[in-house]
Amino acid sequence: MHPKTPVGPLNRPHRMDLQAQLKAAIGQAITTIYGETVTDITLQPTKKEFEGLYTFVTFPLTKALRKSPVEIGQTIGQWLQENTDVVSRFNVVQGFLNLSVADSVWTDLLTALRTETPAPAHRGSVMVEFSSPNTNKPLHLGHLRNNFLGESVSRILEANGFDVVRACIVNDRGIHICKSMLAYQKFGQLPDGTWETPESAGLKGDHLIGKYYVLFDKAYKAEIEQLVTEGVDKEKAEKQAPLILEAQAMLRRWEQGDAETVALWKQMNEWVYAGFDATYRKIGTHFDKTYYESQTYLLGKEVVEEGLQKGVFYRKDDNSVWIDLTAEGLDQKLVLRSDGTSVYITQDLGTTDLKFNDFKNDRSIWVVGNEQDYHFQVLFSIMRRLGRPYAEGCYHLSYGMVDLPSGKMKSREGTVVDADDLVSTVTEAARTAADEATKGKVDEFTADEQDILFQMVGLGALKYFLLKVDAQKRMLFNPAESVDVHGHTGPFIQYTYARTRSIMRKAAEQGLAIPAELPAVSFHPSEQQLLFLLSQYTQRVAEAGDDYAPSYIAQYAYELAKTFNQFYADVSILNEPDARMLTVRLALTDLVGQTIKKAMGLLGIEVPEKM
RNA sequence: GCAUUCGUAGCUCAAUUGGAUAGAGCACCUGACUACGGAUCAGGAGGUUUGGGGUUCGAAUCCCUACGAGUGCACCA
């Protein structure tokens, strides 16, 4: 919190923090005029249709001061104008006091924003778990939303002073992998007697394994159908089909460590991981730590034991172990089966302990879809009941499903959008868009440079499309809109960045330099708007960190780009005859470019020098 | 049925966390010194914020209720 500081030319809050300056001034005005102390003064940006930058709402003061909202506004406004050098003008509309800021303050602000980049205070460490793929099929659109969110939140937290451990828990065991393995055993041999590999098939490893998963499903369905025509009812048929029995048998062999089964499992997983790695590299994410469920699925039983001793859990007559969470508004929940084997939550209890023991993080975040909201409520409640000191630092970053215009994505119906295919599609769309742009700079690029650019722009479009929406909301993925480069899109922001860079290059060619201390000028409204947005960057990053919300940053980056383009249309930069004005506008342009780059960086989106 | 999330322009999303006449983009019209980069900008049209109550000086936001949608309610993961 900012200490109460006298307002005046000699001593006032930091010049970078315009809001704090104004708040302090208003606080002092109220104290001086009315003899009252108001602790939380809130300001809001002034609506566009009124003159002013920040608005102070006086309605809440009417009771304490026993004056009309208008009178309070007039009095405070008058005082601020006369007694501070921050407020240059003011107007009052009902209970709204609109304050305009003096040019000198703007100059100070721009200077400070350009020269002072305070590093965030160290806030501790956090683990962000995301992606969490299954090893039986390639990544799809849903994973992309998850990955982009996880990567972006990681970067936002780093910007807020956290050390981040990116963690991935791979679901590499279970019946679904056995299905792929079994199909491979049955159908993987080629006519020449050799066995199919990613190389011989010309497929990424994850896609090859996905292919066999589909083959299993087809053959399995055929068996069910056959049984049904023989008069078996469907439910029974699903359980009796030879293929599913074989897959279950294979899972048992795997659990017993059967050499041949484990060897096949390892081989197939290697292929899958190679495929995943390629995708992760392409979309620009990596993990500091990967946990494999094959190594963690037996964890958690000692936690159950501990819970029983502490009386947090109880054992039923049939030997199963439960926890009663009705006091928290939840249900009774099974934590260990009657045969002593684990359920999903048992494993998570163990894995959570493992994660905190491994890295001693202050916080831990799970980026997992909202169908698991209840699971995480239960998990965190149990951790609190067990007295885990880290329980309060646990957070489920829950996100909504991605729908297609045709409806839900369903792997069984083949409506899943494949991640690799999608990346290729958006990259090609960027190429097409560049062809259509009348004044793009891609002609200056080599073929390789173009490939890099189109991937950057395509991924920019895709990432921005998925990140601009509030994570918790279910969203509609419209393929046509996701590759759009106009309007509220990633490429629009990338374009704006390229524009700022183009101007800065030209300025450098002309030998124009920007001095550390900027000359005094009078600011155009669109310049004030830009400066205002620039001054809010740090705060928006902090809010995005507090709420784990990349969408805040996405919205901000768009606003900034849009405002810059307005500014660009309103005034001349390099053609400005007044040298002082030109200098200030260059400084603004430069700062906008840097800020766009930083903001997009927090989203995991790169920006090009030219496009 | 119970729990939970959500419902804003034709469509996709915002709304500084309770503030002014609810804002952007797409789509649709109209315009911008052959351009400091037109992948841009300006303007027009488009709304009973699902309906109905309540709290408040003030509600898209908080409470209640009805309707509609998603998700979860396995000794699956």
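Below, chain A is the first sequence line, B the second, and so on; all start at residue 1.
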Looking only at the side chain of [X] (C-beta and beyond, no hydrogens), which of the listed nucleotides [options] gets closest?
X      : options             : result
A:L574 : B:G72, B:C36, B:A39 : B:C36
A:Y558 : B:A24, B:A77, B:C75 : B:A24
A:Q566 : B:C13, B:C36, B:C41 : B:C41
A:K473 : B:C75, B:C6, B:G37  : B:C6
A:Y568 : B:A14, B:A20, B:G37 : B:G37
A:L476 : B:A20, B:C13, B:A77 : B:C13

Looking at every strand, decide which applies to [X] at a 4.0 Å heavy-atom threshold: base, sugar-phosphate, or nothing.
X      : value
A:E51  : nothing
A:A498 : base
A:A434 : base
A:D547 : base
A:M401 : nothing
A:G174 : nothing
A:N565 : sugar-phosphate
A:N171 : sugar-phosphate
A:K610 : base
A:D470 : sugar-phosphate
A:V571 : base
A:V469 : sugar-phosphate
A:V343 : sugar-phosphate
A:P60  : base

Would you say a side-chain N or O of [X] is under 4.0 Å from OP1 or OP2 of [N]?
X      : N     : result
A:K441 : B:A39 : no
A:Q377 : B:U4  : no
A:K63  : B:C57 : yes
A:T496 : B:U40 : no
A:K506 : B:G37 : yes
A:K562 : B:G25 : yes
A:N370 : B:U71 : no
A:R474 : B:G7  : no

[atom1] gap between [N] and [M], integer Å:
N     : M     : atom1 : value
B:A24 : B:U56 : C1'   : 30 Å
B:U34 : B:C28 : P     : 26 Å
B:G1  : B:U55 : P     : 31 Å
B:U16 : B:U12 : C1'   : 22 Å

- Is atom NZ of A:K597 surrounded by more than 12 heavy atoms (other residues, nucleotides or ligands) closer than 6.0 Å?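 No, not enclosed.
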Any stacking of [X] on [N], going by centres under 5.5 angstrom and planes within less than 30 degrees?
X      : N     : result
A:Y374 : B:C73 : no
A:F59  : B:G58 : no
A:F50  : B:A20 : yes

Between [atom2] on [N] and [atom1] on [X], what's the gap in Å once rounded to a whole number?
X      : N     : atom1 : atom2 : result
A:L334 : B:C76 : CG    : C1'   : 12 Å
A:H486 : B:U40 : NE2   : P     : 6 Å
A:Q472 : B:U61 : CD    : C1'   : 14 Å
A:L534 : B:U16 : CG    : C1'   : 17 Å
A:K333 : B:C2  : NZ    : C1'   : 15 Å
A:F96  : B:U21 : CZ    : C1'   : 11 Å
A:F90  : B:A20 : CZ    : P     : 22 Å
A:F492 : B:G38 : CZ    : P     : 12 Å

Pair A:Q594-A:D590, side-chain donor/acceptor within less than 3.5 Å
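Result is yes, a qualifying pair exists.
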Exercise. Could you verify whether a donor N or O on one side chain and an acceptor N or O on the other, from A:Q332 and A:Y314, lie under 3.5 Å apart?
Key: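 Side chains of A:Q332 and A:Y314: pair found under 3.5 Å.
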Determine the interplanar angle of the A:Y537 and A:Y556 rings, folded into 0 to 90°, and report it as parallel if under 30°, tilted if 30 to 60°, perpendicular if over 60°.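 Answer is tilted, since the angle falls between 30° and 60°.
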In terms of relative ring orientation, are A:W265 and A:W254 parallel, tilted or perpendicular, with 30° and 60° separating the classes?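 Ring orientation, 0 to 90° scale: perpendicular.
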Who does [N] pair with, Watson-Crick or G-U, both distances under 3.5 Å?
N     : result
B:G37 : none
B:G19 : B:C57
B:C73 : B:G1
B:G7  : B:C67
B:U49 : none
B:C28 : B:G44

- Of A:G487 and A:A437, whose nearest nucleotide on RNA chain B comes first from the 5' end?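 This one resolves to A:G487.
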Q.
Taking the nucleotide of RNA chain B with the nearest heavy atom to each, does A:D318 or A:Q44 sit closer to the 5' end?
A.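 It is A:Q44, whose closest nucleotide lies nearer the 5' terminus.
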Aromatic contact between A:Y395 and A:F376, with the criterion being ring centroids under 6.0 Å apart: yes or no?
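When the ring centroids of A:Y395 and A:F376 are compared, they turn out to be at least 6.0 Å apart.
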Assess the pair A:F564 and A:F567: is the distance between their ring centroids shorter than 6.0 Å?
->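 Yes, close enough.
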(Q) Are the side chains of A:T55 and A:K47 in contact, using a 4.5 Å heavy-atom criterion? (A)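 No - every pair of side-chain heavy atoms lies 4.5 Å or more apart.
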Next on the checklist: Does B:U34 count as syn, meaning its glycosidic angle lies within 90° of 0, or as anti?
Outcome noted: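 The base of B:U34 is oriented anti (glycosidic angle more than 90° from 0).
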Would you say the base of B:A39 and the side-chain of A:T438 have a donor-acceptor pair closer than 3.5 Å?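 Counting by modelled atom types and ignoring angles, no donor-acceptor contact under 3.5 Å is found here.
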Next on the checklist: Suppose we call a contact any N or O donor and acceptor under 3.5 Å apart; does that hold for the side chain of A:Y552 and the base of B:U17?
Outcome noted: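 Yes.
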Item to complete: Identify the heavy atoms of A:L582 and A:E576 that sit nearest to each other, and give their distance.
Response: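 What the structure gives for the nearest pair is CD1-O, 3.4 Å.
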- Task: Using the side-chain hydrogen bond (donor to acceptor under 3.5 Å, both in side chains) rule, pick out the option among A:Q529, A:R540, A:Q536 that qualifies with A:E559.
- Result: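 One option only clears the test, and that one is A:R540.
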